Amino acid sequence: MSNPFLEKIEPYLISEELIIQEFVLHALNEYPNTPAEWTNRVLEKAIHSEETRSSLLIWAKKDALNEDSVPLLLKLLEIIEPARKHLVMHLINELKPEIIVAFEKELSPYLAKEFFTFNRFLLDGEEEDLWEEYGSVLASLEEKQFFDQDLFLREKKFYICSYSRDLMMKWKSTLSCKKN
């Protein structure tokens with residue numbers, strides 16, 4: 001099935017004009033069906049363009065990453081200036097748990113062991129244990145006086161994984177039973 005929006009915007013994805021490139025990347029950031037291959041093209045350009053690297057990484061579509069993105073992100077970690085590494089790490093933290101676990105050896109110099117344990121737990125944990133931990137993370141988020149990015153990312157991954165594991169349907173039915 002063709003997508004007219006994507007067909008029109010693709011020629012400008014890696015434009016040499018910075019303003020056009022940023023406009024296109026910003027538009028794609030708001031668009032839900034961006035192909036992961038496009039994000040990988042943006043990462044490739046970031047590897048080869050020191051001048052626009054930061055902008056490319058800021059606007060890279062974090063929810064359109066796949067297995068092919070990991071070597072590109074690792075290459076970026078090698079070449080990017082230390083003050084900008086957080087831009088790459090933000091993308092790495094957004095990888096799906098199955099990708100993080102599959103690339104544990106390659107990513108281990110950059111991520112804490114606990115991060116891999118957490119992602120394995122999301123994939124392999126028992127339903128009851130997942131719900132208990134999810135509730136604990138939500139309670140911690142509510143108790144915090146200020147925004148906590150790490151807790152927020154944990155909660156977000158719980159939500160995404162529970163949805164993909166089809167746990168959200170059970171959760172919704174539990175909530176509707178409690179309301180009645």
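All values derive from a computational prediction rather than experimental measurement.
Crowding of K75 atom NZ: a count of heavy atoms from other residues, nucleotides or ligands under 6.0 Å not exceeding 12. Annotation: E7, atom CD; neighbour count of heavy atoms from other residues, nucleotides and ligands within 6.0 Å is above 12. For F23, the CZ atom counts as loosely surrounded, since its 6.0 Å shell holds 12 or fewer non-hydrogen atoms of other residues, nucleotides or ligands. In the displayed structure, E16 atom CD is contacted under 6.0 Å by at most 12 heavy atoms of other residues, nucleotides or ligands. By the 6.0 Å contact criterion, NZ on K85 is enclosed, its count of non-hydrogen atoms from other residues, nucleotides or ligands being greater than 12. A 6.0 Å sphere centred on NZ of K96 holds no more than 12 heavy atoms belonging to other residues, nucleotides or ligands. More than 12 heavy atoms of other residues, nucleotides or ligands shown are found within 6.0 angstrom of CD on Q149. Counting heavy atoms of neighbouring residues, nucleotides and ligands inside a 6.0 Å radius, atom CD of E106 exceeds 12 of them.
Atom OG of S49 sits about 12.5 Å away from atom CD of E44, to the nearest 0.5 Å. Summarising the geometry, atom CG belonging to L73 is positioned 10.5 Å from atom CD1 belonging to I80; distances are rounded to the nearest 0.5 Å. Taking CG of L74 as the start and CD1 of I79 as the end, the distance is 11.5 Å to the nearest 0.5 Å. One finds the CD atom of E133 at 8.0 Å from the OG atom of S140 (value rounded to the nearest 0.5 Å).
Taking the six-membered ring for Trp and thresholds of 30 and 60 degrees, F152 and F147 have ring planes inclined between 30 and 60 degrees apart.
A single hydrophobic cluster is not seen to contain both L123 and F116; linkage of ILVMFWY side chains at heavy-atom distances under 4.5 Å, directly or through other members, places them apart. The hydrophobic clustering, which links ILVMFWY residues whose side-chain heavy atoms are closer than 4.5 Å, places I99 and L77 together. Linking Ile, Leu, Val, Met, Phe, Trp and Tyr residues whenever their side-chain heavy atoms come within less than 4.5 Å leaves L18 and I20 in two separate clusters. Using a 4.5 Å cut-off between side-chain heavy atoms of Ile, Leu, Val, Met, Phe, Trp and Tyr, with links allowed through other members, Y134 and L153 fall into different hydrophobic clusters. Clustering ILVMFWY residues whenever any of their side-chain heavy atoms sit less than 4.5 angstrom apart, transitively, puts I47 in the very cluster that holds L107.
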task = Test E10 against R41 for side-chain contact (heavy atoms from CB on, under 4.5 Å), laying out the working first.
result = CA-CA 11 Å; E10 183 177 18; R41 287 171 50 193; 2.9 Å; yes
request  = Could you walk me through whether R84 and E50 pass the salt bridge (charged side-chain N to carboxylate O under 4.0 Å, His left out) test, one step at a time?
outcome  = CA-CA 11 Å; R84 302 276 182 238; E50 188 174 350; over 6 Å; no
ask   = Step by step, would you call E104 with I100 a side-chain contact (heavy atoms from CB on, under 4.5 Å)?
value = CA-CA 6 Å; E104 182 173 355; I100 291 169; over 6 Å; no
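Residues L111 and M89 meet the side-chain proximity criterion, which asks for heavy atoms closer than 4.5 Å. Put simply, the side chain of L28 reaches to within 4.5 Å of the side chain of L6, judged on heavy atoms. Inter-residue side-chain proximity for L91 and L43 is flagged as met; some heavy-atom pair is nearer than 4.5 Å. Inter-residue side-chain proximity for I58 and H90 is flagged as unmet; no heavy-atom pair is nearer than 4.5 Å. Using a 4.5 Å heavy-atom cutoff, the side chains of F103 and L95 are not in contact. Residues F121 and D129 have side chains in contact (heavy-atom distance under 4.5 Å, counting atoms from C-beta outward). A heavy-atom distance below 4.5 Å is not found between the side chains of V70 and L65. Looking only at side-chain heavy atoms (C-beta outward), I9 and W38 come within less than 4.5 Å of each other.
Under the 3.5 Å distance criterion, the side-chain polar atoms of T117 are matched with a main-chain donor or acceptor of K113. Not one N or O on the side chain of K61 forms a donor-acceptor pair closer than 3.5 Å with the backbone of T39.
In terms of the side chain to side chain donor-acceptor pair (under 3.5 Å) criterion, T34 has no residue partners (sequence neighbours excluded). Under the salt bridge (Lys or Arg N to Asp or Glu O under 4.0 Å) criterion, K156 pairs with E94, sequence neighbours left out.
The pair E114-R154 counts as a salt bridge, with a side-chain nitrogen and a carboxylate oxygen less than 4.0 angstrom apart. Ionic pairing of D124 and R120 is not present here: no N-O contact between side-chain nitrogen and carboxylate oxygen is shorter than 4.0 angstrom.
Here the closest heavy-atom approach between residue L122 and residue L130 is recorded as CA-CD2, 4.0 Å. S15 approaches Q21 most closely through the heavy-atom pair O-OE1, 3.0 Å. Across all their heavy atoms, L25 and L13 have their closest contact at CD2-CD1, 4.0 Å. Closest approach of R53 and A46 over heavy atoms only: NE-O, 2.7 Å. E22 approaches W59 most closely through the heavy-atom pair CG-CD1, 4.5 Å. Closest heavy-atom contact between N119 and K157: OD1-NZ, 3.4 Å.
Side-chain contact check for N3 and N33: no donor-acceptor pair (N or O, by modelled atom type) lies under 3.5 Å.
Looking at L87, V42, T52 one by one, the single match for side-chain contact (heavy atoms from CB on, under 4.5 Å) with L57 turns out to be L87.
Two rings, from F118 and F158, have their centers less than 6.0 Å apart.
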